[in-house]
Amino acid sequence: MGRNCQRFCSVIVAWSCLCFVVFQVVIHKTPNQYSAPSINSRYLLEKLTDPPGTTSKTEEKEFTDTDDEEDVLNIDTSPALSELETATFLQRKLHNLPYEFYVRFKYHVFSKNHSCSHFPSIYDIKFNNIYWQELITSNGTFFLYGAYYDNRPLSSIGPSIRVLGLIDRIEPTVPTYCQMWYQASQDPVVTKVLEYKYMWNKKWGNYKQGVLQPYLITCKIPDPLKGIPPVSVSLVQKPCDAARTNLRVINDRPEKKGKFAVCVKGLDFLDVDLSVRLIEWIELLSILGAEKIFLYELEVHPNISKALKYYENLGRVVVTPLTLPGDLPNFPGLRHHFLKTKITNKRQNELIPYNDCLYRNLYSYEHIALLDTDEIIMPLQTNNWNELMEIILRKAFIKGNYTRASYNFRNVYFWDDAKHSYHGWNPEIPKYMHMLQHIHRSVNYTKPNQYVKCFHNPERVLTLHNHFPLSCLEGQCTSYPVETDDAHLQHYRADCVTSLRKSCETEFKQNTTEDVNVWKYKDELISRVNETLSVLGFFKDR
């Protein structure tokens, strides 16, 4: 048995050696048979796609990487942005950051000859959730969002810098300072914070330490510099601290002031496609007289983004991306759930975009309205807001010869009803025209001063709440209640707000009436909406 095994192993070894020798002979006789030639893949592509009998351009000349690749590939061949072009791009994306100034003057402001602090580099800033800047003090953490130059004539303190932010303290006592940065100076102009203006009411809840509270922080500009707005401002705890914040001071002043602008809080429509309703709403506001709509965006359905981008390109809306500050959730879906669950926290955070919209447009519009996308201020005796305000101002003057800080409109519910139990569909109106189809409303209005919306006067308002001014430059805020014969707030909802749910059925839903005032815009509105839907490709092939 052992001898047979040895014989078998010898045969295997001999066979292996023979195979190896044969393989080497074949390889050396045909050295190029298995080596791949160096073939330009683009050349191969052209050879495969050339019609029979044609000669490719690559055969006529050697192909190089610099040849016209845009002739073959549908790609972006634009040159890379320069440093200044990149700065302009980033400045549009981060409106509260002095990035453009930083790039243009960094060699001047970063020299070593400073008697106090130096201008903070972009990379010195303690960013928080992209759009916020964080200041940690010995008694509380500040999350700053925007800074604005305010030299309105009615301000008793004269020209000042207003800073919007949230602080995790009630009635903060920690002293802080504004380092104001001017283009002509290497050192900051330092002034002590004059006031932390609380933009909330403790009766509304969340009045406790550790919860982020909304504030308007004010620093007075020194008399020698009155009328000269700084480029940016840093908030610090001690006058010459090395700054970890640096907010661009916004001071937009168009050549001609507009009439009406609309501000909208952070849109949070994660998985609901409300794009068609939004288009109808934007077009109706435009017909009524809104010259521009400023929207803040948390997270929205892709079709909503597509519609907003379309209107942005037309110059009719401005969309500002938004996040929540601090350790609040910002992961898509989780943030949506948080805002739906923590209503009081949601309301407190909403005050930042509302007031940012006010201060970015202090000098741009005569009237600013804070509206949700299911609300319309509807004139009842006139055709547009401009004609409406002429009537309102005339009546307000008769009741008191002074200018009001706001003009408020009573809230009335127009009921959403998917089954249309109140009525059938109007055959002359497309079913997707939500406001034109939903014409049944409650007979009863909500009580005066409850759930109202206003036209605000930017020359007089200091801070804004969703429904009314919180504080004004002249002390007590004055608001004129617009008569419901002249106009009202049409609020399209499936149900009452939470605080009215118990009485909603008996007080509002059981007693309804038909209100077709919106139909006076029917033809123009349908035409506008259809044109937009067609451009966006929202119609199925018909």
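Numbers here are sequence positions counted from 1.
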Next on the checklist: Tell me whether the rings of H465 and W204 are parallel (<30°), tilted (30 to 60°) or perpendicular (>60°).
Outcome noted: tilted
Next on the checklist: Rounded at 0.5 Å granularity, tell me how far CG in L247 sits from OG in S232.
Outcome noted: 8.0 Å
Checklist entry - Which pair of non-hydrogen atoms, one from K520 and one from T382, has the smallest distance, and what is that distance? => result NZ-O, 2.8 Å
Checklist entry - Are any non-hydrogen side-chain atoms of R152 and L462 less than 4.5 angstrom apart? => result yes
Checklist entry - Taking atom NZ of K522 and atom CG of L436, what is their separation to the nearest 0.5 Å? => result 8.0 Å
Next on the checklist: Between R316 and E283, does any side-chain N to carboxylate O distance fall below 4.0 Å?
Outcome noted: yes
Checklist entry - Looking only at heavy atoms, what is the nearest atom pair of V461 and A405, with distance? => result CG2-O, 3.6 Å
Checklist entry - Are the aromatic ring centres of F142 and Y215 under 6.0 angstrom apart? => result no
Checklist outcome for this item: The single option from Y145, Y149, Y148 that satisfies ring-ring contact (aromatic ring centres under 6.0 Å, His included) with Y359 is Y148
Item to check | Aromatic plane relationship, Y492 with H434 - under 30° parallel, 30 to 60° tilted, over 60° perpendicular | outcome: perpendicular
Next on the checklist: Restricting to non-hydrogen atoms, name the atom on N408 and the atom on S479 that form the minimum distance, rounded to 0.1 Å.
Outcome noted: ND2-OG, 2.9 Å
Next on the checklist: Closer than 3.5 angstrom, by distance alone: can the side chain of Q490 be matched with the main-chain N or O of I377 as a donor-acceptor pair?
Outcome noted: no
Next on the checklist: Salt bridge check, D374 against R277: does any charged N sit closer than 4.0 Å to a carboxylate O?
Outcome noted: no
Item to check | Between S442 and N444, a side-chain donor and acceptor under 3.5 Å | outcome: no
Next on the checklist: Assess, by modelled atom type and distance only, whether the side chains of N384 and Y521 contain a donor and an acceptor separated by less than 3.5 Å.
Outcome noted: no
Checklist entry - When rounded to the nearest 0.5 angstrom, what is the spacing between CD in E428 and CD in Q437? => result 10.5 Å
Checklist entry - Nearest 0.5 Å, what's the CG-OG1 distance between N96 and T245? => result 11.0 Å
Next on the checklist: Could you check, using the six-membered ring where one of them is a Trp, whether Y445 and H488 have ring centers closer than 6.0 angstrom?
Outcome noted: yes
Item to check | Check: Y354 ring centre within less than 6.0 Å of Y296 ring centre | outcome: no
Next on the checklist: Is the terminal nitrogen or CZ of R404 (NZ for Lys, CZ for Arg) located under 6.0 angstrom from the six-membered ring centre of Y402 and within 45° of that ring's axis?
Outcome noted: yes
Item to check | Criterion ring-ring contact (aromatic ring centres under 6.0 Å, His included) against F260, the qualifying member of Y407, W385, F294 | outcome: W385
Checklist entry - E514 side chain to I439 main-chain N or O, any donor-acceptor pair under 3.5 Å? => result no
Item to check | Distance in Å, L328 CG paired with K346 NZ, rounded so as to fall on 0.5 Å steps | outcome: 13.0 Å
Next on the checklist: Set out, in order, the CA-CA distance, both residues' side-chain angles and the distance that settles side-chain hydrogen bond (donor to acceptor under 3.5 Å, both in side chains) for N330 and T323, then state yes or no.
Outcome noted: CA-CA 7 Å; N330 279 291; T323 60; 4.5 Å; no
Item to check | Any donor-acceptor pair under 3.5 Å from W281 side chain to M435 backbone | outcome: no
Checklist entry - Does a side-chain N-to-carboxylate-O contact under 4.0 Å join K309 and E312? => result yes
Checklist outcome for this item: Value for CD (E524) from CG (L284), rounded to nearest 0.5 Å, stands at 9.5 Å
Checklist entry - Taking only residues at least two apart or on different chains, which pairs with a member in residues 259-271 satisfy salt bridge (Lys or Arg N to Asp or Glu O under 4.0 Å)? => result K259-E366, K265-E350, K265-D372
Checklist entry - Would you say T446's side chain and Q450's backbone share a donor-acceptor pair under 3.5 angstrom? => result yes
